[in-house]
Every structure is written in C-alpha cells, then in structure tokens.
Amino acid sequence: MQSGMRLSVPAAALFAPFCHGCRSRTRSLPGRGFSWSPRQISQESSTHPSRRDNPRVLITGGLGQLGVGLAEILRKQFGTENVILSDIKKPPAHVFSSGPFVYADVLDYKHLRELIVNNRITWLVHYSALLSAVGEANVALARKINITGLHNVLDLALENCLRLFVPSTIGAFGPSSPRDPAPDLCVQRPRTIYGVSKVHGELMGEYLHHKYGLDFRCLRYPGVISANTQPGGGTTDYAVQIFHDALSTGHHECYLCADTRLPMMHISDCHRATVEFMQAPECQLSLRTYNIAAMSFTPEEVAQEIRKHLPHLKVTYSPDPVRQTIADSWPVRFDDSNARRDWGWAPVFGLEELVSDMLSSIRDKRTNEGLPVS
C-alpha cells in the first residue's frame, strides 16, 4: 500500500491492537469513520510512553465544583504542564495563571480530538455535566451535555487508549433502589435526567471495558461539600449554602425537610478518592463503578453541629417539591465496602471535622474579601 493512501475504518478496530493500556480486540465497534495513514499507525504503535512517565491529563468541565481542586492536586504530583483544565467559560485570573487552561466544548467532537492528540493526553477526567435540579429544568440541554457529550468522550478515550474517569452520583439510584445502605450492584432506575444519564454512562463505560478493554473508571459521589465554589444546582447544595448563610446573615432557609438524610463527603476526601482510584492497578479492581462514602446527615443534624460554633444560627424549612422529591428517591447511605476492600478507600472527614473546616475556610475567605462575618 502506498504511504499516501488513507484508511477509513471504525475507530475501535483501528486502535485496539495498538493500545498498550487496552486489550487487543479482533471485533470492531461500529463507530465514527477515522482516517489515518499507515505511517502514522506505525509511529504511534512504536512510541508508547513507558509506565514510569507521568500521565498527561485533560479535565473537562473544569470550572465546576471539582475540577480546579483536582487539577491542583494532580499538578503537584505530575507537574503543572501535564494537567490541562478546560471549560466553555472564561476562567478567573487565578485559575488561568495556575496552569494550562483551554476552551473545550464536549459537544465539539473534532476540537476535543485535536486537544487530545495535540497534547498527547493519556488520562481524561470528564466532569462536564448538568446537575440534578438544573437538569430537570432543562431536560433537552441535559440530554445533550450528559449523554451526547459522554458519547464523544467515550469514543475518543477508546480511539486514543485513554484512562477515562467519569463520575457518577447518588442520583444514579431511584425509589426502587435499596436505600440504607445502597450497594454497588442493585436496581437503580433513577427518576431524573441527571440520574438516567449517569446510569447510562456507567453501563456504556463498563460495556466498552469488557468488550474492547477501555480503562474506564467511575465513582459514585455522594453530596460533595466545598468552601471554594458556590452551589451549582444540585439537590445536596443546601449543605454548602448553609455555611455561607451561617457566616453572613445567620439565617438559612432550607429547601429540604429537616429530617432528609443523604450521604455527604468533604471535597478533600472526594479528590483523594479520585486520585487513589485513578492510580489503583487494574488487577485490584473487581468493579468499574464503585460507591464511596464518608458520612450521612440531615439538615437539622448539620445545623446543630454548626450551632456548636455559631449558636445564633437560625434555620427555617421551606421544602421545594422538585428537590424534595429527588432527595426522597435517593439512598440514605452508601455501602462502599468494595472500594475499601479493593483499593483501600477510607475517608478522613466526619461531620465534626467537616463543619469545623468549612466554617474556618469560609470565614477566612470572607475576611480576605473584606466581607462581614456574622
């Protein structure tokens, strides 16, 4: 065959035999046509990085609650230039100056492919998503971002033999799921587009792993609590907002009932779990999707813990029908025994430590910004 001639074959069939991270497959996956010259194939197959090389990481949806903090941790471990943050929004100055940032729309398959190829990406962390309450308000957009965007990422991870991390959620369970605790494997059947899209992602990733060897990894996050970002439209966001309100006005109006118990986690534990899971040897993983847990509490329980520091806090309850219905369909607790057994997961923060850290962090932030502290 002449070196100038082009091949156009399904992506999975083209890449599977040349992936050192993927198992070789003889069956082809119906996919997007991809053109590549034999010379390019030969070069790629002979230039895989050694296992000692640091990964090259791309984080999509990087300006949400989790991306900036995860990038900071990974940059300390792997080098600043090896971790690229991306989003469709303009980054704050401190984020832009902290390391590589690029525009990336997960719905733009071609541009995403260019970013992966040009930057020699080996790990992809896919944080782009519309959360539960926001997704219910705009189902069409949620379907686009959470499902079409996911398909783009899955195809590109398979084509380029990436280690792919896609978070799942407490919202992947539904009213027919076991609630106390919810195990890794059970009936799910969620009732929100966010949850449906996450179950779809779990199953697609596991399918591509078992059929084509894609190194797909997924953690079901509980409600994640962070002082560094504002609430982003999730059902558990009250557990962030209550700290801001406690230190600003001294009053929080909660959109859930006082006794609504949900699994929660400090963002530091969430980041650490993600990094440890991404680095776990494949031979240790009995599953591709794991629950991770730290604590479960109700709005009244977290309010009582805050009052140990700020006795003046007043909480009133005005349940929002949409968010309350969502919360009532979710698990009360996660069973994360498989994660603890397989790759050594263990949380650091309980409720007492979480409340102390959140109040200290938000107080410092308000003081530095010249804002009053209640």
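Every heavy atom of this structure was used, including side-chain atoms; hydrogens, water molecules and symmetry mates were not. This is a predicted model, so every value here is computed, not measured.
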Taking the side chain from [X] and the backbone from [Y], do they hold a donor-acceptor pair closer than 3.5 Å?
{"X": "D269", "Y": "V348", "answer": "yes"}
{"X": "N160", "Y": "L162", "answer": "no"}
{"X": "R272", "Y": "A346", "answer": "yes"}
{"X": "T122", "Y": "P55", "answer": "no"}
{"X": "S86", "Y": "A104", "answer": "no"}
{"X": "H209", "Y": "L214", "answer": "yes"}
{"X": "T260", "Y": "C257", "answer": "yes"}
{"X": "D184", "Y": "N291", "answer": "yes"}
{"X": "N119", "Y": "L115", "answer": "yes"}
{"X": "R366", "Y": "S248", "answer": "no"}

Checking side chain to side chain contact (heavy atoms under 4.5 Å, CB included) for the pair F243/V355: CA distance, chi angles, key distance, verdict? CA-CA 8 Å; F243 291 99; V355 167; 4.0 Å; yes
Look at atom [atom1] of [X] and say whether more than 12 heavy atoms of other residues, nucleotides or ligands are closer to it than 6.0 Å.
{"X": "Y103", "atom1": "OH", "answer": "yes"}
{"X": "R189", "atom1": "CZ", "answer": "no"}
{"X": "R191", "atom1": "CZ", "answer": "no"}
{"X": "Q77", "atom1": "CD", "answer": "yes"}

Interatomic distance, [X] atom [atom1] to [Y] atom [atom2] [nearest 0.5 angstrom]:
{"X": "K198", "Y": "I170", "atom1": "NZ", "atom2": "CD1", "result": "14.0 Å"}
{"X": "Q188", "Y": "S168", "atom1": "CD", "atom2": "OG", "result": "7.0 Å"}
{"X": "R341", "Y": "D336", "atom1": "CZ", "atom2": "CG", "result": "11.5 Å"}
{"X": "F96", "Y": "F101", "atom1": "CZ", "atom2": "CZ", "result": "8.5 Å"}
{"X": "R120", "Y": "L58", "atom1": "CZ", "atom2": "CG", "result": "14.5 Å"}
{"X": "E352", "Y": "M295", "atom1": "CD", "atom2": "CE", "result": "11.0 Å"}

Quick one: does [X]'s side chain get under 4.5 Å of [Y]'s, heavy atoms only?
{"X": "D155", "Y": "Y109", "value": "yes"}
{"X": "I242", "Y": "V302", "value": "yes"}
{"X": "P100", "Y": "T80", "value": "yes"}
{"X": "L247", "Y": "L310", "value": "yes"}
{"X": "Q304", "Y": "K308", "value": "no"}
{"X": "E353", "Y": "H266", "value": "no"}
{"X": "L154", "Y": "L150", "value": "yes"}
{"X": "W123", "Y": "R56", "value": "no"}

Report yes or no: is the cationic atom of R288 (NZ for Lys, CZ for Arg) closer than 6.0 Å to the six-membered ring centre of F216, at no more than 45° off its axis?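 Output no; distance or angle outside limits.
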For R113 and E159, what are the C-alpha separation, side-chain angles and deciding distance, and is it a side chain to side chain contact (heavy atoms under 4.5 Å, CB included)? CA-CA 9 Å; R113 173 191 273 165; E159 288 176 7; 3.3 Å; yes
Is the distance between the ring centroids of [Y] and [X] under 6.0 Å?
{"X": "H200", "Y": "H151", "answer": "yes"}
{"X": "F277", "Y": "W343", "answer": "yes"}
{"X": "Y238", "Y": "Y317", "answer": "no"}

Cluster overlap [X] with [Y], hydrophobic side-chain contacts below 4.5 Å:
{"X": "V199", "Y": "Y127", "value": "no"}
{"X": "Y207", "Y": "V166", "value": "yes"}
{"X": "V275", "Y": "Y221", "value": "yes"}
{"X": "L85", "Y": "L70", "value": "yes"}
{"X": "F165", "Y": "Y212", "value": "no"}

Under the ring pair (Phe, Tyr, Trp, His ring centres under 6.0 Å) rule, what do Y290 and F334 come out as? Steps first, then yes or no, please. CA-CA 10 Å; Y290 289 88; F334 271 163; over 10 Å; no
After noting the C-alpha distance and the side-chain angles of T60 and V125, does the key distance pass the side chain to side chain contact (heavy atoms under 4.5 Å, CB included) rule? CA-CA 6 Å; T60 69; V125 177; over 6 Å; no
Passes salt bridge (Lys or Arg N to Asp or Glu O under 4.0 Å), R217 versus D215? Steps please. CA-CA 7 Å; R217 303 182 183 215; D215 190 354; 2.9 Å; yes
Scan T169, T235, D237, T192 and name whichever one has a side-chain hydrogen bond (donor to acceptor under 3.5 Å, both in side chains) with S132.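 For S132, the side-chain hydrogen bond (donor to acceptor under 3.5 Å, both in side chains) test succeeds with only one of T169, T235, D237, T192, which is T235.
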Identify which one of E206, R220, E202 satisfies the side-chain hydrogen bond (donor to acceptor under 3.5 Å, both in side chains) criterion when paired with T289.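 For T289, the side-chain hydrogen bond (donor to acceptor under 3.5 Å, both in side chains) test succeeds with only one of E206, R220, E202, which is E206.
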Heavy-atom pair of closest approach, residues [X] and [Y]:
{"X": "S296", "Y": "R333", "answer": "OG-CG, 3.4 Å"}
{"X": "L63", "Y": "P92", "answer": "CD2-CD, 4.3 Å"}
{"X": "E136", "Y": "I326", "answer": "CG-CD1, 4.2 Å"}
{"X": "Q324", "Y": "L256", "answer": "OE1-CA, 3.2 Å"}
{"X": "N138", "Y": "L130", "answer": "O-CD2, 4.3 Å"}
{"X": "Q284", "Y": "D342", "answer": "NE2-O, 3.1 Å"}

Option among V224, I225, I362 that satisfies the side-chain contact (heavy atoms from CB on, under 4.5 Å) test with V240: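 Of the listed residues V224, I225, I362, the side-chain contact (heavy atoms from CB on, under 4.5 Å) partner of V240 is I225.
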Between [X] and [Y], does any side-chain donor sit less than 3.5 Å from a side-chain acceptor?
{"X": "T298", "Y": "D259", "answer": "no"}
{"X": "N118", "Y": "E114", "answer": "no"}
{"X": "H309", "Y": "S356", "answer": "no"}

Using the side chain to side chain contact (heavy atoms under 4.5 Å, CB included) rule, take T148 and L107 through it: C-alpha gap first, then chi angles, then the decisive distance, then the call. CA-CA 7 Å; T148 304; L107 299 177; 4.0 Å; yes
Charged N to carboxylate O under 4.0 angstrom, R307 versus E300?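 Yes, this pair counts.
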